[in-house]
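Protein chains get the first letters and strands the later ones, always in sequence-line order, with residue 1 at the start of each.
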Protein chains: 2
Amino acid sequence: MQIKNGFEQSVYAICLLSMLPAKSVLPGEAISNQIGASPTYFQKILRKLSDSDLIASVPGKKGGFKLKKSPSEIRIYDIFLAIEGQQALYYSNNVLGEMVPKKDKEACVLSDLMERAETSWITVLKSETISSLFTELHKEKELQDWVNQNLVQ
Amino acid sequence: MQIKNGFEQSVYAICLLSMLPAKSVLPGEAISNQIGASPTYFQKILRKLSDSDLIASVPGKKGGFKLKKSPSEIRIYDIFLAIEGQQALYYSNNVLGEMVPKKDKEACVLSDLMERAETSWITVLKSETISSLFTELHKEKELQDWVNQNLVQ
DNA sequence: GATAAACAGGATAATCATTATCCTGTTTAT
DNA sequence: ATAAACAGGATAATGATTATCCTGTTTATC
Ligand code: SF4
Ligand code: SF4
C-alpha cells in the first residue's frame, strides 16, 4: 500500500507554479522534465489538478499551466484529494457483513474506527497549504531562476 | 491506493480467535473459509500475524492457530503493522531533493507534514483494541457457535 | 513405526492497479 | 497555414497484490 507517486510530484509541480509571475504559464513538458516524470503521464496528472480547479490550463501556442488559486488557498489535502480521490486510505470489503448480518442501525465498529483515523489524517493534511509549507523553498534562487527561464508569455 | 484487504480479514480472523476457549485452536483452513479468503493465501497472512506475535501457530495434527496476546492487548494498529509494515501510507520519493539539494540540517517540509499525518492516523488505530472494538460482536451467537463447531482439541 | 492433518516457507502464476506511450482532435500565437 | 501547446481516448508496460503449488516439518492417532 502506497500513496501514488503522483501526489508528491503534484505538490512540487504546484510549488513551481506558485513561483510564476502573474500572466505567465509553465508548459507541462517543462514541469515534467524538472520533476523527472514521464511527460505524457504527467500531463494526465496535471489534468487531474486542473479538474479539481487547483490549476488552470491555457491551450494553444504559448499555452501551459498556472495556478487557479493562491498558494495560501491550496491545502496539501486538496492535492491529495485531486490525485487519490476520496476514501483513499481504506474502505471496508464487508468481511464481517458476510459473517454476521448486522441490524441496520448498528454502525460497523471497524469502519467507524478507520473513518476516524482517516479523518484525523485528513485534518493534518488540511492544516498546511502550499504557502505555509514552502515559505523556505521559495527563497531558493535556483528554482526561481529555472521558473523564469521556462515560463511563457 | 488502498490498504490491503488482508488487513480487514486479519481483524476478523483475530476476532474469531478471541472467541476460542483456552487450550483450543482453529485450523487455518476453517478460518479462511469463514472469512471467504483463499486458504493458501490466507495461511501466509496468518503467518504474518504469527511473526508479529499476535497469534501462535500449533503445528501437527490437531494443530491450528490461537491468540498469543489477550484481546485487550491487541491494538488495531498492531494488526495494521503486521500486515502493511511500517511507513505504509507514505514515503518520499525525493522529488524535491532532486530539484533543490537542501542543507543537511533542514528537514523536508512535506515529509514532516506527511509524518505528522501518519502519526495522527496511527494514534487513532492505537486507541482501540480487539476487545474494545468487538464487545458487541462477541454477543453474536451464530459466530460463537461456528467457533465451537470448528475448534480443535 | 506408519499415516493423516496441520503449519512453514520457497517458487511461481494470475490478477489488478499504476505508470507510460501513442494518436487524434482542439486551441491559439505567429 | 503552421507550430506549439492542452484534451482525452485507447492501449501497452510495469509493478504490487493475490492465489496456487509443492516440498518439508511437526504431532496425534492407529
Ligand atoms: S462490520 Fe464494518 S468493517 Fe466489518 S465487514 Fe461489515 S462493514 Fe466492513
Ligand atoms: S523535500 Fe522532502 S518530501 Fe520533498 S523530495 Fe525531498 S525528501 Fe521528499
Side-chain angles (χ1 to χ4, degrees), chain A residues 1-10 13 17 23-33 35-66 68 83-85 87-91 93 95 150-153, chain B residues 1-10 13 17 23-33 35-66 68 83-85 87-91 93 95 150-153:
Chain A
M1 207 270 308
Q2 210 41 68
I3 285 168
K4 288 200 261 280
N5 199 185
F7 164 68
E8 182 176 354
Q9 293 172 323
S10 295
L17 291 175
K23 310 245 173 191
S24 314
V25 298
L26 273 177
E29 200 173 345
I31 303 175
S32 307
N33 290 339
I35 285 179
S38 114
T40 55
Y41 179 60
F42 200 65
Q43 289 276 352
K44 292 183 196 307
I45 297 234
L46 289 168
R47 188 130 36 78
K48 284 190 185 187
L49 298 175
S50 158
D51 288 345
S52 300
D53 281 331
L54 301 178
I55 69 181
S57 77
V58 177
K61 197 172 176 178
K62 291 208 171 189
F65 296 90
K66 62 184 175 187
K68 197 162 176 183
I83 302 302
E84 297 279 352
Q87 271 206 301
L89 298 187
Y90 179 82
Y91 65 80
N93 279 96
V95 175
N150 286 272
L151 62 79
V152 175
Q153 259 174 24
Chain B
M1 207 269 308
Q2 210 42 67
I3 286 168
K4 287 201 260 282
N5 200 185
F7 164 68
E8 183 176 355
Q9 294 172 324
S10 296
L17 292 176
K23 308 245 172 190
S24 314
V25 299
L26 272 177
E29 200 174 346
I31 303 175
S32 307
N33 290 338
I35 285 180
S38 113
T40 54
Y41 178 60
F42 200 65
Q43 288 276 353
K44 292 184 194 307
I45 298 234
L46 288 168
R47 188 129 36 78
K48 284 190 185 186
L49 298 175
S50 159
D51 288 345
S52 300
D53 281 330
L54 301 178
I55 68 181
S57 78
V58 177
K61 198 172 177 178
K62 292 211 171 187
F65 295 90
K66 62 185 175 186
K68 197 161 177 186
I83 302 301
E84 297 279 352
Q87 270 206 304
L89 298 187
Y90 179 83
Y91 65 80
N93 279 95
V95 174
N150 286 272
L151 63 78
V152 175
Q153 260 175 22

Can you tell me the distance, in whole Å, between the [atom1] atom of [X] and the [atom2] atom of [N]?
X	N	atom1	atom2	result
A/Asn5	C/dT18	CG	P	12 Å
B/Lys61	C/dA2	NZ	P	17 Å
B/Gln153	D/dA28	CD	P	8 Å
A/Lys44	D/dA12	NZ	C1'	13 Å
B/Phe7	D/dA16	CZ	P	22 Å
B/Ile83	D/dA16	CD1	C1'	16 Å
A/Lys62	C/dA29	NZ	P	9 Å
A/Lys23	C/dA29	NZ	P	13 Å

### Query
Which listed nucleotide (C/dT19, D/dC6, D/dG8) is nearest to the side chain of A/Pro27?
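The closest nucleotide is D/dC6.
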
### Summary
Among C/dC7, D/dA7, C/dT18, the one nearest any side-chain atom of A/Phe65 is D/dA7

Counting any heavy atom closer than 4.0 Å, what does [X] reach on the DNA or RNA strands: base, sugar-phosphate only, or nothing?
X	result
A/Val25	nothing
B/Ser38	sugar-phosphate
A/Val152	nothing
B/Gln43	sugar-phosphate

### Query
For A/Tyr90 and B/Gln2, which heavy atoms make the closest approach, and how far apart are they?
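Distance-wise, the nearest heavy atoms are CA-NE2, 3.1 Å.
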
Both distances under 3.5 Å, Watson-Crick or G-U wobble: report the partner of [N], or none.
N	answer
D/dT29	C/dA2
D/dA12	C/dT19
C/dT26	D/dA5

### Query
Relative to the 5' end of DNA chain C, which residue comes earlier, A/Gln9 or A/Gly60, by the nucleotide with the nearest heavy atom?
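The answer here is A/Gln9.
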
When you measure from the side-chain N and O atoms of [X] to the phosphate of [N], is any distance below 4.0 Å, counting only OP1 and OP2?
X	N	result
A/Arg47	D/dC6	no
B/Thr40	D/dT18	no
B/Tyr41	D/dT18	yes
B/Lys4	D/dT17	yes

Taking the side chain as C-beta and beyond, is there a heavy-atom pair between [X] and [Y] under 4.5 Å?
X	Y	answer
A/Leu17	A/Val25	no
B/Gln43	B/Phe65	yes
A/Tyr91	A/Asn93	yes

### Task
Pick out which of B/Val152, B/Asn150, B/Leu151, B/Val58 makes a side-chain contact (heavy atoms from CB on, under 4.5 Å) with B/Ser24.
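It is B/Leu151; the other options fail the test.
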
### Check against side chain to side chain contact (heavy atoms under 4.5 Å, CB included), B/Ser10 and B/Ile45
CA-CA 7 Å; B/Ser10 296; B/Ile45 298 234; 3.3 Å; yes

#### Entry: Closest-nucleotide 5' rank along DNA chain D - winner of B/Pro39 and B/Glu84
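It is B/Glu84 whose nearest nucleotide is closer to the 5' end.
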
